[in-house]
Amino acid sequence: MKTVAAILLFIPVFIAACSTTSHAPATGYTSVKNITVDNAAVVSAHPLASEAGLEMLKAGGNAIDAVIATQFALAVVYPGAGNLGGGGFMVAHLLNRYGLTDSSQEVTIDYREKAPSAAHKDMYLDSFGNADLSLSQNGRLASGVPGTVAGIFAEMEYATLPLRQLIAPAIRLAENGFAITAAEAGGLNHYKSDFIKYSSATPAFVRNAVWKAGDTLVQKELAATLGRIRDNGRDGFYKGETANLIVAEMQKGNGIISMADLDNYQPKIRKPVRFNYKGYDVIGMDMPSSGGLLLKQMMKMIEPFAVDNMLPGTALTIQLMTEVERRAFADRAEYMGDADFVKVPVAALSD
């Protein structure tokens, strides 16, 4: 049996194991599409976040150390996806110290956002009973109780380096700033009106001048928030000053996240989705992520086909992948949800 061993997160993806310290550069970074490595790789949505993970590997840390450092750094350099106010999943296939799989362990952690305790089924309906997307997609009422920080502390059980070291690159990037790309500048300019509309104070993303490539984005408030996590651990986010700031922001509009919601948030250990594909043991995330079950559906549908003989980009290949994906995603829309609240027919969907 061949085993696919990987560490997967909501945004970053890692495959790692290594052993010496660099500082994440604030300028001059490039995105490389192809790279060959001997010992380890850290892959994420932003080069500076990947650098943070690599810094931990060179310091003697393990793959989970790289995961955590990269997550924290993404909160600074890629806040549209990796951020402290959101959530995620971790799927890890852990090897023992000898790199063997006999005593290996699979860990799947669910730390997605949760509905506040005051949430109810009609909260996004207008007076006529129709869905009001402005309420469910934008603003304070659309916010779930954030799980990222709690998830990181759940991951810390498998880390080897201290939190202070893992969070240091992120604080450095937030405090000193980093040079943005043309695409990042375009995003900041495009969403300027939204940043102003949905913020009670002017955020670091807004300035009078137009953002352009090479400008430095400095986030002092985020650096302070990360510093409170560094100094006080999980309580540095879910209690104290940061929690007070979150709840105060909720109360400035129609938000419903409370201090109790923050204090009571707990990540969950889930059972992984596991299946065999042509001799490979594939491990994925279970509900409320649809990823593991979707992957199982799609790969099992293509298993009877000789896909290794199909040329990419041909009509036959495109038709097969399209038909497979549209069926799986139709099932996702119809049947999948948070298994804590919805009965998902997993056995039937993956039969």
Worked verdict on Tyr111 versus Gln266 for side-chain hydrogen bond (donor to acceptor under 3.5 Å, both in side chains): CA-CA 8 Å; Tyr111 51 93; Gln266 292 296 332; over 6 Å; no
Student check: side-chain heavy atoms of [X] and [Y] closer than 4.5 Å:
X      : Y      : result
Met321 : Glu325 : yes
His46  : Thr70  : no
Leu217 : Val76  : no
Ser193 : Ile196 : no
Met56  : Pro169 : yes
Arg164 : Asp231 : yes
Asp110 : Phe89  : yes
Met285 : Val273 : no

Any idea which heavy atoms bring [X] and [Y] closest together, and the distance?
X      : Y      : value
Leu161 : Met156 : O-CE, 4.0 Å
Ser200 : Lys252 : OG-NZ, 3.4 Å
Gln165 : Ala59  : NE2-CB, 3.5 Å
Leu262 : Arg234 : O-NH2, 4.2 Å
Ile256 : Met123 : CD1-CE, 3.7 Å
Ala328 : Met298 : CB-CG, 3.6 Å

Pairs satisfying ring-ring contact (aromatic ring centres under 6.0 Å, His included), at least one member in residues 202-245, at least two apart: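 The answer is Phe195-Phe205.
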Quick check on [X]: does its [atom1] atom have over 12 non-hydrogen neighbours (other residues, nucleotides or ligands) under 6.0 Å away?
X      : atom1 : answer
Tyr124 : OH    : yes
Arg332 : CZ    : no
Asp351 : CG    : no
Lys239 : NZ    : no

Answer yes or no: is there a donor N or O on one side and an acceptor on the other, between the side chain of [X] and the main chain of [Y], under 3.5 Å?
X      : Y      : answer
Thr317 : Gly313 : no
Lys220 : Glu175 : yes
Thr225 : Glu221 : yes
Asp122 : Leu125 : no
Asn62  : Tyr158 : yes
Asn232 : Asp235 : no
Lys197 : Gly139 : no
Asp261 : Ile257 : no
Asp65  : Thr160 : yes
Glu106 : Pro272 : no

Will you find, in the side chains of [X] and [Y], an N or O donor that is under 3.5 Å from an N or O acceptor?
X     : Y      : result
Tyr78 : Glu184 : no
Ser44 : Ser50  : yes
Gln71 : Thr148 : no

Partners meeting salt bridge (Lys or Arg N to Asp or Glu O under 4.0 Å) with Glu323 (sequence neighbours left out):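 Glu323: salt bridge (Lys or Arg N to Asp or Glu O under 4.0 Å) contacts with Arg326, Arg327.
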Pair Lys212 + Asp215: basic N to acidic O under 4.0 Å: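 Yes.
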Salt-bridge criterion met for Glu249 and Arg140 (N-O under 4.0 Å):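 Looking at Arg140 together with Glu249, the answer is yes, because their closest N to O distance falls below 4.0 Å.
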Hey, what do you get for [atom1] ([X]) to [atom2] ([Y]), rounding to the nearest 0.5 Å?
X      : Y      : atom1 : atom2 : answer
Ser289 : Leu294 : OG    : CG    : 8.0 Å
Asp331 : Gln297 : CG    : CD    : 4.5 Å
Ile283 : Asp281 : CD1   : CG    : 5.5 Å
Phe275 : Lys300 : CZ    : NZ    : 7.5 Å
Asp308 : Met310 : CG    : CE    : 9.0 Å
Ile229 : Thr242 : CD1   : OG1   : 6.5 Å

Side chain to side chain contact (heavy atoms under 4.5 Å, CB included) between Asn254 and Leu135, intermediate numbers included: CA-CA 9 Å; Asn254 55 356; Leu135 294 177; 3.8 Å; yes
Please set out all donor-acceptor pairs under 3.5 angstrom arising from side-chain atoms of residues 335-343, sequence neighbours excluded.
unit_1: Asp338; atom_1: OD1; unit_2: Asp340; atom_2: N; d: 3.0
unit_1: Asp340; atom_1: OD1; unit_2: Arg270; atom_2: NH1; d: 3.1
unit_1: Asp340; atom_1: OD2; unit_2: Lys268; atom_2: NZ; d: 2.8
unit_1: Asp340; atom_1: OD2; unit_2: Arg270; atom_2: NH2; d: 2.9

Stepwise side chain to side chain contact (heavy atoms under 4.5 Å, CB included) test for Ile64 and Leu94: CA-CA 9 Å; Ile64 304 299; Leu94 306 176; 4.3 Å; yes
Cluster question for you: counting only ILVMFWY and a side-chain heavy-atom cut-off of under 4.5 Å, with indirect links fine, are [X] and [Y] together?
X      : Y      : result
Ile167 : Val218 : no
Val307 : Val282 : yes
Leu188 : Phe178 : yes
Phe305 : Leu295 : yes
Leu311 : Ile302 : no

Derivation of the side chain to side chain contact (heavy atoms under 4.5 Å, CB included) call for Leu349 and Leu293: CA-CA 8 Å; Leu349 292 175; Leu293 183 52; 3.9 Å; yes
